[in-house]
Amino acid sequence: MSAEALAAVAGALADPTRARMLTALMDGRAWTATELSRAGGVAASTASEHLTRLVGAGLLVEHRQGRHRYLRLADERVAEMLESVASLGGAVAGPPVRSLRASSTAHALARGRTCYDHLAGRLGVAVTEALVARGLLEETMALTAAGRAWLDEALGAPFTPGRRPLTRSCLDWTERRPHLAGAAGAHVCAAFLANGWVRRVGTGRALLVTPDGAAAMGRLLGVAPEAVT
């Protein structure tokens with residue numbers, strides 16, 4: 001990456017409104033421009049300017065459907081970059097939490113959340129470390145032969161990675177430890193949601209482990225319920 005390209009990306013990130021929009025999009029879903037204006041706390045016309053800059057920087061992609069303009073993160077690399085930047089920013093004291101709602105949201109995200117299309121927070125780190133402990137994943141995040149078979153057989157759906165990287169290491173911004181990303185991470189997250197082992201909390205990206213999920217993680221990975229609930 002050239003210095004100019006790095007500066008362009010950094011400049012696109014260096015605005016609280018755009019940062020709030022990017023954070024909202026970390027749930028991996030496409031949002032309308034109107035929804036993102038609300039997330040950013042600005043008028044629709046102002047939001048449009050911010051979104052155009054984020055698209056121009058290669059951080060977002062857009063498509064139009066009827067009257068609506070939909071936007072989402074360009075790919076998982078953008079999500080991993082945002083997660084890593086947030087983990088670095090965690091060392092800098094931010095504004096104090098001033099409401100019960102904000103405190104509850106922060107705790108819910110730290111407990112478990114989606115990071116684009118994979119599991120993050122204590123939940124994501126606990127699952128990743130359990131995969132390593134059981135020899136299904138190397139500490140380097142390389143998938144073992146046993147791990148490939150486990151993904152195919154244990155989660156109720158065949159593992160079809162496609163052309164994307166099989167695994168990636170993503171530094172968790174709340175835990176400061178890596179969690180599993182890439183095709184394998186996306187498969188685990190999708191299976192957990194499809195099986196009802198986790199459910200979304202409201203419309204955000206926080207996840208709650210269900211009783212069935214706690215039992216399944218204990219059975220399949222030896223994860224203690226208190227580690228993920």
Side-chain angles (χ1 to χ4, degrees), residues 1 6 9 13 19 22-23 25-28 59 73-92 94 106-152 154-155 159 161-193 197-198 200 204-209 213-214 216-218 220-229:
M1 175 183 284
L6 179 59
V9 171
L13 294 175
L22 290 166
T23 299
L25 289 165
M26 285 287 283
D27 67 359
L59 300 176
L73 297 183
D75 56 35
E76 67 170 331
R77 295 175 301 167
V78 174
E80 290 162 20
M81 181 269 292
L82 295 173
E83 188 87 353
S84 295
V85 170
S87 70
L88 293 173
V92 180
H107 280 93
L109 290 172
R111 180 184 61 227
R113 63 184 182 276
T114 53
C115 174
Y116 189 55
D117 62 359
H118 53 271
L119 301 174
R122 289 198 304 274
L123 169 63
V125 170
V127 169
T128 299
E129 292 182 348
L131 289 169
V132 172
R134 296 217 160 191
L136 307 176
L137 193 67
E138 301 286 355
E139 290 188 359
T140 59
M141 292 291 166
L143 195 63
T144 66
R148 181 64 182 261
W150 185 87
L151 289 173
D152 259 329
L155 300 179
F159 177 45
R163 296 183 178 180
R164 66 189 295 187
L166 197 60
T167 60
R168 283 185 183 272
S169 177
C170 186
L171 180 61
D172 196 281
W173 72 269
T174 51
E175 295 296 299
R176 309 293 181 86
R177 290 179 287 168
H179 59 242
L180 177 65
H187 179 70
V188 170
C189 182
F192 275 39
L193 285 165
W197 296 345
V198 296
R200 295 189 184 275
R205 60 191 184 107
L207 297 174
L208 184 67
V209 177
M217 279 183 266
L220 297 173
L221 291 170
V223 175
E226 58 268 21
V228 293
T229 57

Practice prompt. Kindly say whether Glu175 contributes a backbone atom to a donor-acceptor pair with the side chain of Arg122 at under 3.5 angstrom?
Written response: no
Fill in: Polar side-chain atom of Thr167 near backbone of Met141 as donor-acceptor pair, under 3.5 Å
yes
Any heavy-atom pair between the side chains of [Y] and [X] that's under 4.5 Å?
| X | Y | value |
| --- | --- | --- |
| Leu220 | Trp150 | yes |
| Leu13 | Leu22 | yes |
| Val209 | Arg111 | no |
| Trp197 | Val228 | no |
| Leu82 | Leu73 | yes |
| Leu193 | Arg200 | yes |
| Glu76 | Cys170 | no |
| Phe192 | Leu207 | no |

Worksheet item: Do Thr128 and Arg177 meet the criterion of a side-chain donor-acceptor pair at a distance under 3.5 Å?
Response: no
Discussion item. Assess the residue pair Met81 and Val9 against the criterion (side chain to side chain contact (heavy atoms under 4.5 Å, CB included)); give the C-alpha distance rounded to whole Å, side-chain angles, the decisive distance to 0.1 Å, and a yes or no.
Written reply: CA-CA 11 Å; Met81 181 269 292; Val9 171; 4.2 Å; yes
Mind listing the closest non-hydrogen atom pair of [X] and [Y] along with its distance?
| X | Y | value |
| --- | --- | --- |
| Leu151 | Ala184 | CD1-CB, 3.8 Å |
| Ala79 | Tyr116 | CB-CB, 3.3 Å |
| His118 | Cys189 | CA-CB, 3.7 Å |
| Thr144 | Glu138 | CG2-OE2, 3.6 Å |
| Leu155 | Ala191 | CB-CB, 3.7 Å |
| Gly112 | Leu123 | CA-CB, 4.0 Å |

Item to complete: Would you check, one step at a time, whether the test side chain to side chain contact (heavy atoms under 4.5 Å, CB included) holds for Leu180 with Val127?
Response: CA-CA 8 Å; Leu180 177 65; Val127 169; over 6 Å; no
As an exercise, state the distance from [atom1] of [X] to [atom2] of [Y], rounded to the nearest 0.5 Å.
| X | Y | atom1 | atom2 | answer |
| --- | --- | --- | --- | --- |
| Asp27 | Asp117 | CG | CG | 11.0 Å |
| Glu129 | Arg134 | CD | CZ | 14.0 Å |
| Leu166 | His187 | CG | NE2 | 11.0 Å |

Worksheet item: Passes side chain to side chain contact (heavy atoms under 4.5 Å, CB included), Leu143 versus Leu137? Steps please.
Response: CA-CA 5 Å; Leu143 195 63; Leu137 193 67; 4.0 Å; yes
Item to complete: Give the C-alpha distance, both sets of side-chain angles, the deciding distance and a yes or no for side chain to side chain contact (heavy atoms under 4.5 Å, CB included) between Ser84 and Leu171.
Response: CA-CA 6 Å; Ser84 295; Leu171 180 61; 4.2 Å; yes
Practice prompt. For a salt bridge (charged side-chain N to carboxylate O under 4.0 Å, His left out) with Glu83, tell me which candidate from Arg168, Arg113, Arg77 qualifies.
Written response: Arg113
